[in-house]
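Worksheet: the structure to be examined is printed underneath.
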Amino acid sequence: MNKILVVAAHADDETLGCGGTIARHIAEGDHVKILFMTDGVSSRGTQQAACEIRNSAAIKALSALGTKDYQQLDFPDNKMDSLPLLEIVKPIESVISTYQPNIVYTHFADDLNIDHRIVNQAVMTACRPQNGNSIRKIFSFEVLSSTEWNSTQRPVFNPQYIVDISDYWGKKVNALNAYKEELRVFPHSRSLECIEALAILRGATHGITKAEAFVIERYLV
C-alpha cells in the first residue's frame, strides 16, 4: 500500500489538480491524506460563514473521491508570501514525519497564484532528500485558471507523468460539483466544460479517454 500526501494551497486545488488520481489511488488500496494550507476564501473579505461553507464543500468533495483524511491549516489566503518560508515548511515537515508518505502531490512551481508557488517551494524544502526520508516520488499538478494563466516568460507546465483517470472521471465530477461556488461559466477555464476538455486532451495525447498530467519533481526507483 502506498501512502499518498496531497499538499494543496486551497480546498478545490486537490480536486482540480489530481482528483481523478486521488480516486484511483484509493480504488487501488492506497491511503490518501490531504493537507490544506489556507481556508481559500479569507482574502475575499468574507466572514467565518464562508470559511465553513468551503470546509463543508471540501469534506463532501473528498468523500466523493473516497477519503476522509484531511488536515486544515490556517495560513493567510493569497498572502503566504508575507510569511517566512520556514514558518510554512515546519507544519509540512511535521505531517511528513508523522504520516511517512512515500508519494507527494503538490502545486506546479510556476503557477500564477502566489500561494501555489509558495506551497511548492515549502513542499520541496520539507521533502529534502536526506537519509531516512520516506518520500520516493513527488509530482506537481496543474490547476486551471492558475497554471495556464502565468506569464509566457515563465517556464510552462510540461508534464512527463500521465495518469489514466478514465474510470474515475465520474468521481472527479462529483467532487467538483461539491465546489460549485468555485466553478465558473464556460468559457472560463475553471468551468466543468474546460476541466473536461483538459482531461480529454491529456488522455487523447496518450491514447486514452481521460487523464491527469504531472511534472516529475522526484522519482526514485
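The analysis underlying the following values was restricted to heavy atoms, covering all of them including side chains, and did not include hydrogens, waters or symmetry mates. For the single chain, residues carry numbers from 1 onward in sequence order.
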So, using side-chain hydrogen bond (donor to acceptor under 3.5 Å, both in side chains) as the criterion, who are the partners of S140 when residues are at least two apart?
none
Have a look at V123 and tell me which of I92, I135, I88, I96 forms a side-chain contact (heavy atoms from CB on, under 4.5 Å) with it.
I92
Does A178 have any side-chain contact (heavy atoms from CB on, under 4.5 Å) partners at least two apart in sequence or in another chain, and if so, which?
K60, A61
So, taking the atom named CD1 in I22 and the one named CG in L65, what distance separates them when rounded to the nearest 0.5 Å?
5.5 Å
All side-chain hydrogen bond (donor to acceptor under 3.5 Å, both in side chains) counterparts of Y99, not counting sequence neighbours:
H31
If I take atom CG from residue L144 and atom CG from residue L16, how far apart are they, to the nearest 0.5 angstrom?
7.0 Å
For H25, which residues count as a ring pair (Phe, Tyr, Trp, His ring centres under 6.0 Å) partner, sequence neighbours excluded?
Y105
Nearest-0.5 Å distance, OG1 of residue T106 to CD1 of residue I138
9.0 Å
Can you check whether F139 reaches V104 side chain to side chain, under 4.5 Å on heavy atoms?
no
Inter- and intrachain pairs under side chain to side chain donor-acceptor pair (under 3.5 Å), touching residues 83-96, at least two apart:
E93-R128
Roughly how far, to the nearest 0.5 Å, is the CD atom of Q71 from the OG1 atom of T98?
8.5 Å
Nearest non-hydrogen partners of A175 and A64, listed with the distance:
N-CB, 3.9 Å
Within 6.0 Å of CG in D74, more than 12 heavy atoms from elsewhere:
no
If you apply the rule side chain to side chain contact (heavy atoms under 4.5 Å, CB included), what do you find for H206 with R202, and how did you get there?
CA-CA 7 Å; H206 295 84; R202 295 304 188 198; 5.8 Å; no
Can you see which heavy atom on S166 is nearest to which on K210, and at what distance?
OG-N, 3.2 Å
Any S191 side-chain heavy atom under 4.5 Å of L183 side chain
no
I want to check something: taking the side chain as every heavy atom from C-beta on, are T38 and D115 in contact at a cut-off of under 4.5 Å?
yes
Once you round to the nearest 0.5 Å, how far does CZ of R136 lie from SG of C127?
13.0 Å
Not counting sequence neighbours, list each pair that qualifies as a ring pair (Phe, Tyr, Trp, His ring centres under 6.0 Å) and has a residue in residues 167-192.
W149-H188
Residues two or more places apart in sequence or in another chain: which of them pass side-chain hydrogen bond (donor to acceptor under 3.5 Å, both in side chains) with E212?
T21, K172
Taking side-chain contact (heavy atoms from CB on, under 4.5 Å) as the test, write out the residues that go with R117, two or more places apart.
I114
Do you know which two heavy atoms are closest between R184 and E181, and how far apart they sit?
NH1-O, 3.0 Å
Sequence neighbours left out, what passes side-chain hydrogen bond (donor to acceptor under 3.5 Å, both in side chains) with E148? Give chain and number order.
S189
Stepwise, does the side chain to side chain contact (heavy atoms under 4.5 Å, CB included) test hold for D13 with H116?
CA-CA 9 Å; D13 289 334; H116 294 189; 3.2 Å; yes
Is the distance between the ring centroids of F141 and H107 less than 6.0 Å?
yes
Between N102 and N2, does the side chain to side chain donor-acceptor pair (under 3.5 Å) criterion hold? Intermediate values first, please.
CA-CA 7 Å; N102 62 307; N2 291 304; 2.8 Å; yes
Please walk me through it: do I34 and V7 pass side chain to side chain contact (heavy atoms under 4.5 Å, CB included)?
CA-CA 6 Å; I34 314 294; V7 186; over 6 Å; no
Does S151 have any side-chain contact (heavy atoms from CB on, under 4.5 Å) partners at least two apart in sequence or in another chain, and if so, which?
Q153, R154
Residues clustering with V215 (ILVMFWY side chains joined when closer than 4.5 Å, directly or via others)
F108, F157
Using the side chain to side chain contact (heavy atoms under 4.5 Å, CB included) rule, take I103 and L5 through it: C-alpha gap first, then chi angles, then the decisive distance, then the call.
CA-CA 6 Å; I103 302 175; L5 176 64; over 6 Å; no
How close do I165 and G20 get, counting heavy atoms only, and between which atoms?
CG2-C, 3.5 Å
Whichever hydrophobic residues join L86 through chains of side-chain contacts under 4.5 Å
none
Can you confirm whether D69 sits close enough to V32 that some side-chain heavy atom of one is under 4.5 Å from a side-chain heavy atom of the other?
no
Under 4.0 Å between a Lys/Arg side-chain N and an Asp/Glu carboxylate O for D12 and R54?
yes
Rounded to the nearest 0.5 Å, how far apart are OG1 of T15 and CG of L62?
6.5 Å
Does the side chain of N78 come under 3.5 Å of the side chain of N113 through a donor N or O and an acceptor N or O?
yes
Check this for me: does any side-chain nitrogen of one of E217 and K137 sit under 4.0 Å from a carboxylate oxygen of the other?
no
In one Ile/Leu/Val/Met/Phe/Trp/Tyr side-chain cluster, 4.5 Å: I118, V6:
no
Nearest heavy atoms of A11 and A58, plus distance in Å:
CB-CB, 3.8 Å
